Amino acid sequence: MERPHVAIFPFSAAMGHFLPLAEFVKRLCNFHGFSITLIITKWMWTSQQPAVLERLASSALDIRFAEIPHITLDEDERDMKFGARISKFMLKAMPHIEDVLQSLRSSSPISAFIIDPFCTELLAVTAKLKIPTYLFVPASAALVCFMLNLPKFVSEMKVSFKDVDFEVEVPGFPPIPPRDLPSSLQDRSDSEFEWFVNHASRFKEALGILINTFAEFEEEAIKALSTPATPAIYPIGPLLLTESDTPDQSSCLNWLDEQPPSSVLFVSFGSFGVISREQITDLAIGLEASGHRFLWVVRGYKSGDSSTLETDISELLPEGFENRTRDRGLVLLNWAPQVPVLSHPSTGGFLSHCGWNSTLESACNGVPMITWPLGAEQGMNKAILVKQIQVAVDLKMDDKRFVKREEVERAVRELMEGEEGRKAMKKMKELKGKAKIAMMEGGSTIKATAEASADLSASTLNVN
Ligand code: UDP
C-alpha cells in the first residue's frame, strides 16, 4: 500500500517552532510509515536550520524537500515589525506554495497539509485545492483556548488590553492579568495586533490542531477544547529535542558532575532572549546574595549598541562577580546544552523566560521553575506554571518589567530552600512521571499521535 503523503510548510524563522515540528515529522515517518514533503524557503533561514534539514535529509526516513523561489521584500517592507514582515512574505509566497502543492500532488496524492499558526493565510489556498489542513501549535493547549476565544474578546472590547483593569478569563486558563498576554496584543494600535487577531480568527478553519503538549500536563485546557465547536485536538507532545547542536557540552556537564544533587539553579532566557545590562547586574547580585549554586547562560548587547551581542563575558558581569562566586557558580556566554543540563541530577531549579519548549523540558525532567517571562506568550505560560499547576515560584517585576536584586534573591531562596519550592519540586517530579507514562505504549501521547496519524492519512482515499 502507498504511504500516506503529508506536505508541511514549517515556520522556520523561529527554531522554537521548527524543532518540535521536525521531531513530530520523525515520529510520523518512524512509527506511522508516512512520506513527508517539507516545503521550505530560505527567506526564513536561521543559522541552525541547515544542520536540522541536513539531519532530516540524511536520515533513512521518507522525507523530501521542495524549495519555493526566493522571495524579496520591498525596501519599505524590510523595516516593518516581525508580524507585518511575515504577512508581506506570506502574500508573496502563497502562489509559489500553491504551485508546489499542485505539482506535488500530480505525482503523489497529498492526504494532508500541516502549517504553523503564523501562516494561516494558507488555509485559503488549501480550501481552494481541497487539501485537509492541520495546524501544528508549538505552544500550550491553553494558548489554543485563548486564540479560539480572542476574536470574540476583541469584538466586544473597545480599548486595548494594556488599559483594562480586569483579569482576562478564558475557559481552560487561570484568570490572567492583561499585561501577561502576548506582547503583540497589548495595544490595539500596534501593527502586530491585527496580524495576531487575524491568525486567531482562522484557527477554527483548520480540520485539526496538533499541540506540543500532553494531556496530563494541561488537563483543564484540553477539557475546555473538547467541544464539537472546536477543531479536532491532538495533544501529541512533549516533542523534545533528541539531537543538539551545542558544540562543546562537556565543560559545563563536568562542572555539574562536581555539584551536590538538586543543588544548582539553571538560569537561561531561551534561544534569543536578551536582558538589559542593568538587569544583568541585578540578576548577578541577587544570585550571589542567595548563596545558592547556579549555572547561568548570560546574553547581553554590547554597551551602547542594542543590536550586537557582547562576546566578552566579563564586560557583562559586575566587577569581581566571577571571582567571588567561583566556588559555586558557572557562567556561560549565549548558549548551554539545556536538555542535558535539565536532566542532570545536580540541577534543582530553572529560572526561565518560560518559552514553551523550556517549560516542557523542565516538566519532563522534574525541575521546578522561577518564572521570568520576557514577551511573546511567555506570561501565559507563567500563569499555567504558577497559578494552575503550581510548579513554579513567581518573580515580581516593577511597572517597567525590571526585577530588583532583592526579588531575585527572595525567589531563588524560595525555590531552592522554601516551602513553595519544596511543593513545586514534588509536583514537578509527579509531572515527570506522568510525561513518561504519556509516552509509553497505551499512554495519552501515543494514543493522540495514533489518532492524528489516522486522521492525517484518512483523506488519502477522498482527495486528489
Ligand atoms: N536552548 C538551548 N540552549 C540555550 C538556550 C536554548 O539548548 O542556551 C534550547 C532549549 O532547550 C529549547 C529552545 O532552545 O529547546 C528554546 O525554546 P523556547 O520555546 O523555550 O524559547 P525561545 O528560544 O523560542 O524563546
Side-chain angles (χ1 to χ4, degrees), residues 10-24 26 44 46-49 51-52 55 82 86 116-118 136-143 182-184 211-213 217 237-253 255-256 264-275 280 294-300 309-311 313 316 330-344 347 350-365 367 369-382 384-385 391-392 435:
F11 184 75
S12 42
M15 292 313 278
H17 290 223
F18 184 48
L19 292 173
L21 180 57
E23 291 300 322
F24 184 58
K26 288 192 222 162
M44 292 184 185
T46 65
S47 58
Q48 287 163 291
Q49 194 183 34
V52 181
R55 277 203 296 271
F82 180 74
I86 298 289
D116 186 273
F118 284 164
F136 176 87
V137 175
S140 66
L143 182 72
S183 24
S184 324
I211 312 176
N212 186 15
T213 191
F217 190 21
L239 293 154
L240 304 186
L241 293 198
T242 50
E243 293 147 307
S244 159
D245 293 317
T246 307
D248 177 22
Q249 312 196 347
S250 55
S251 62
C252 86
L253 298 180
W255 180 83
L256 278 173
V264 177
L265 179 77
F266 178 52
V267 182
S268 172
F269 296 93
S271 56
F272 53 87
V274 179
I275 55 174
I280 289 175
F294 59 86
L295 171 56
W296 177 12
V297 185
V298 72
R299 190 183 294 123
L309 286 180
E310 178 57 67
T311 51
I313 281 194
L316 293 170
L330 180 67
V331 188
L332 301 174
L333 188 67
N334 296 338
W335 198 259
Q338 181 164 306
V339 173
V341 167
L342 287 172
S343 60
H344 195 286
T347 305
F350 183 15
L351 189 164
S352 167
H353 75 313
C354 307
W356 188 244
N357 293 296
S358 296
T359 300
L360 283 177
E361 288 160 9
S362 216
C364 292
N365 286 296
V367 179
M369 300 169 74
I370 296 175
T371 55
W372 187 323
L374 297 180
E377 90 305 0
Q378 295 149 14
M380 301 175 84
N381 299 341
K382 175 187 93 165
I384 299 172
L385 294 165
V391 291

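First listed ligand is number 1; within each ligand, the first listed atom is number 1. Being a predicted model, the structure only gives us computed values, none of them experimental.
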| remark: Tightest non-hydrogen contact, residues Asn365 and Ser343, listed as OD1-CB, 3.1 Å
| query | So, is Ser268 polar-close to ligand 1, with some N/O to N/O distance under 3.5 Å? | reply | no
| said: Please list, in number order, the atoms of ligand 1 under 4.0 Å from a heavy atom of Gly270. | reply: 5 (C), 6 (C), 23 (O)
| Test side chain to side chain donor-acceptor pair (under 3.5 Å) applied to Thr371 - qualifying residues, sequence neighbours left out | Asp394
| note | Contact region, Trp356 to ligand 1, non-hydrogen atoms below 4.0 Å, reads backbone
| Parallel, tilted or perpendicular for Phe82 and Phe11, by the 30°/60° rule? | perpendicular
| Considering only heavy atoms from C-beta outward, does the side chain of Phe350 approach that of Leu265 to under 4.5 Å? | no
| said: My understanding is that we take every heavy atom of each candidate and find the minimum distance to atom 17 (O) of ligand 1. Doing that for Asn357, Val341, Leu240, which one comes out nearest? | reply: Asn357
| task | Report the residues that fulfil ring-ring contact (aromatic ring centres under 6.0 Å, His included) with Phe269, sequence neighbours left out, ordered by chain and then residue number. | result | Trp372
| query | For the atom pair OG (Ser268) and CD (Glu361), what is the distance rounded to the nearest 0.5 Å? | reply | 9.5 Å
| query | Of the listed options (Ser271, Pro340, Ala139), which comes nearest to atom 16 (C) of ligand 1 when hydrogens are ignored and any heavy atom counts? | reply | Ser271
| task | Would you check whether Glu361 has a nitrogen or oxygen atom less than 3.5 angstrom from a nitrogen or oxygen atom of ligand 1? | result | yes
| query | Looking only at heavy atoms of Gly273, does any of them come nearer than 4.0 Å to an atom of ligand 1? | reply | no
